[in-house]
Every structure is written in C-alpha cells, then in structure tokens.
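In what follows, every heavy atom counts, from backbone to side chain, and hydrogens, waters and symmetry copies are set aside.
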Amino acid sequence: MADDDRSPEDEFQELIRQLFGGSGAQFDPEQLEKLTGMNIDPAMMQTVMRHLQGAFAGSDDGISWDATKRQALHIANQDGLGVTAGQRTDLDQAFSLATLWLSEATSISDLAQPPQTITRGGWVEATLPVWQELAAPVATSMADAMTSALSEQAPEDMQGMIQGAGRLMRMVGGSLFAAQLGQVVGDLSKEVVSGGDVGIPLMPDGEAAILPQNFADFGRDLEVPDDQLALYAATRELAHARLFRHAKWLRLHVISQVTDYARGVHVDTDALEALAERFDPSEPEELRRAIESGALLPPKSEAQLTALGRLENLLATIEGWVDVVTEDATSRLPSAARISEAVRRRRAVGGPAERALGSLVGLELRPRRMREAAAMWRAVTDAVGVAARDALWDYPDLMPTSEDIDDPAALVARLEARARGEKPTRDDMDDALERLLAGEDPGAEPAGEPDVPEDPKPV
C-alpha cells in the first residue's frame, strides 16, 4: 500500500510501531497531521510520543531517576544564586566555634572532614540517592498498579497486546512519579537550612552542610543577629552529623525502618480507575494533582501504623539527643532559647515541600514525641553525665526504647545501678540466651538445683 493510501488509523499504528520498536526515530510532522482524521490533536500527540520515547530511555525498572534529578536541579537553581565568599567565611567561623563548644557538650568525637557550605543544587546532588532509595517502593507500586488496572479493564481478545504494553505502562507510571518527586525535592531544597534539617540521614556519612541561601527565611521575624543564628545552626548540624558518624549502625537502622514502611504503601486501584474514567489527556494537571495530593494512596494499614510508630520513636530519640546537646553547647548564646523554640516549632509543623513529600510517599517525617525524648535525655544527662549518656549510642541494644521515653526514671535507675557496678536483674531473655549458648534447648525450663536423695531410713 502506498503511503498516500493509508488511513489515519494506519498512521497511528505506524507511530505505535515506531514507539515499541525502540528505534528512537523522530516522528514526521506530516504523518502527525494525518491523525486529524481520528480527531487527535497532532501537537498533543507529538508531545505524548516524545515523552513516551523518553520513558524507554529510563532504567530497567521503568523509573527515570535522571528526570527526577533534572527537575529538582531546575527548581533548586532557578534563582541563580551561589554562595558568596563572605557567607562561606562567616559559616566557616561559626563551624569552628561550634566544634569547640560541642567538645564540652558531648563525648562523641569530631568529624573526620570539615563541614561544607553548599548551594541548593549542591544539596540536591548530595541527598538525591537517599530520596531515590526511600521513594523507589512507592514508585514501583504506582507503576505496578497502572499495569494491573490496564490488564483488568482490557477485553480478553486484547490481553496479548496489553501484555506487550505492560513495560510501557510501568514506564509511564514510574516517569510520572519520578517527575513529581523531582518537584518535591527541588522545592524542599528551598526550605532546608542544613543537611540534617529533615531529621533523616540524607547527607553521606560524616558530612555536615549548611545552605546559606535559606537563612533569610529561617531567621525571619526572630529578630536574632545573623551570627548567632549561624552559630546555632552550625552547632545543631555538627551534633547531628557527629551522632550518625559515631553510631555507624544508626544510618542503616533509620533507612531500613523508612523503607520497611514504604514497602507497605500501595496505590488505591479504585481511585486510579475512577481517575482514568474521567481523565482528559488535554488536561494532564488533574493527574498531577492526584499524585501530588496523595489521592491515589489508600489509608494506612494497621501494619503501616505500627511501623510508623516505631519510626517516629526512633526519629524522636535522635532529635531529642540533638536538642539536648545543642542546648548545652549553645548556652553562651543570648538568643539560644528563642532560636531553639523556633526550631522545635519548625520541626513539628514542617514546610510546604515536606507536606507535599508526605502526600507523595504517604510518610511524614515529623516525630510527635520530640519534647518527651528531649526530657528523657535531659534526665539521663543530669543523672549519669555526658559520657554515660553518649555510650548508649555505642550499640543498637543499648539505645533507649519508646518505654524509656514514657518512663525516663526506669532508664535512669538502670544506668545508675550500672554505674555502681550492680549487675542488672536477670530476665527470661537472659536465661534463654544462656541455654542457647550452652547448646541447650532455649525453650526448656531452666535447670534447678539437682535433687538429692533422702537418706535411707534405718531398718
């Protein structure tokens, strides 16, 4: 058949063959014009095809993390501002003094490498690998849901074609999510003041950083001199980075708890199908708003709520320690109390970008028990001192639990008894562990005193 004799439907099928063939060829504008016979806007179709071809260039799992990075950096670098020499000098001096003050407030050693003064774009570059790790389970769930919904709604005679389009649908779903994640991370780069500002270990191990571009918003309405604000922020950031460098197990512990929660997130297929029924390709904003608002994520399950409770306790324990150490280290600052209260309010509420992140992945990183955890660490510090307090971060099994946050007195009593050289009271776990190490059945009853036969009665 000559090209001129082909119908608009034939032209559309040829476009699809080009797409699935992965040839990467550019679409002929004249060929697109012929689609008007199918009431398809050629300009819109050209844009759609271009995006779909770009999806095939993504990773094997159909998620183009490069798109996330491009979008985030585009937003982060929009103002074109860098770090001035004066800002770098001021923050270097703040970090130097903060290092001295922290040596009096904690026994945890200093960082191996100097802290950094970075731009918003630099923060995106440094933290994106962690964002990708946290968001991957949700992105995969969204891509799988789109494939499943397509397969369930298609007629039986089209199932073969649907299976062939499965990879495409995964790529479309993953690409939509990746673009939205890039938007959130880019917006977040305009809110955070330091590397540990979000509460989870986003920066590489042992690295501390401050973003001077965001200082103006952070200090607005506080009426605090910039040098005091910088010194407080530097102290808090160094305390956070020191803790994660010292407790090398802590970073993996936090990330694994976040990803365990995220793996339980799935997409509400009913909401997705309802959106698909009314979706207008010429109005893609509706789909973007649905993803951004969290409308496609169902309510949290009981298992998720339990995992979220564990994560909140862990983050609160970390933040509480950082609060106490920072408070002690900055006791010389006249405005320390005012800045500290502003930080607490900011940590409790979060900014627009963090709320968008919560909607996107169903996870809010704002622990609700920060004040209670800080009160626990204060009680421990007053009772046993700095060194004994910081030693609780040496091993995971020493770290305070949620019960310790509820009842600091019991934790203090155990630590004081340990300081006096008293052995802790044995419990069932200790007995089971001892039998296990001895090669006995851990579930067996503990051996008691051997039975001694009675003396025979005289005849």
Quiz prompt | Side-chain H-bond candidate by donor/acceptor type, D390 with H246, under 3.5 Å | solution =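 No donor-acceptor contact under 3.5 Å links the two side chains.
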Exercise. Could you tell me how the ring of W393 sits relative to the ring of W377: parallel (under 30°), tilted (30 to 60°) or perpendicular (over 60°)?
Key: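 Because their plane-to-plane angle is under 30°, the rings of W393 and W377 count as parallel.
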Quiz item: Residues in side chain to side chain contact (heavy atoms under 4.5 Å, CB included) with D92, at least two apart?
Solution: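 Expected list: R88, T117.
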Could you tell me whether [X] and [Y] make a salt bridge, using a distance below 4.0 angstrom between a side-chain N and a carboxylate O?
| X | Y | answer |
| --- | --- | --- |
| R236 | D197 | no |
| R371 | E341 | yes |
| D328 | R378 | yes |

Quiz prompt | Under 3.5 Å: donor-acceptor pair, side chain of E319, backbone of M370 | solution =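 No.
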If you take all heavy atoms of [X] and [Y], which pair is closest and at what distance?
| X | Y | value |
| --- | --- | --- |
| Q116 | F95 | O-CE1, 3.9 Å |
| I405 | R369 | CG2-NH2, 3.5 Å |
| F218 | I339 | CZ-CG2, 4.4 Å |

Practice problem: List in chain and number order the residues that pass ring-ring contact (aromatic ring centres under 6.0 Å, His included) with F244, two or more places apart in sequence or in another chain; answer none if no residue qualifies. | Solution: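 ring-ring contact (aromatic ring centres under 6.0 Å, His included) list for F244, sorted by chain: H240.
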Among residues at least two apart in sequence or on other chains, which ones pass salt bridge (Lys or Arg N to Asp or Glu O under 4.0 Å) with [X]?
| X | value |
| --- | --- |
| D226 | none |
| D90 | none |
| R251 | D205 |

Self-check item: Within 6.0 Å of CD in E104, more than 12 heavy atoms from elsewhere
Solution: yes
Self-check item: Criterion side chain to side chain contact (heavy atoms under 4.5 Å, CB included) against I200, the qualifying member of T127, I255, I318, L134
Solution: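 The option that passes is L134.
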Quiz item: Can you list every salt bridge (Lys or Arg N to Asp or Glu O under 4.0 Å) pair that touches residues 119-140, not counting sequence neighbours?
Solution: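 Found K69-E125, D79-R120.
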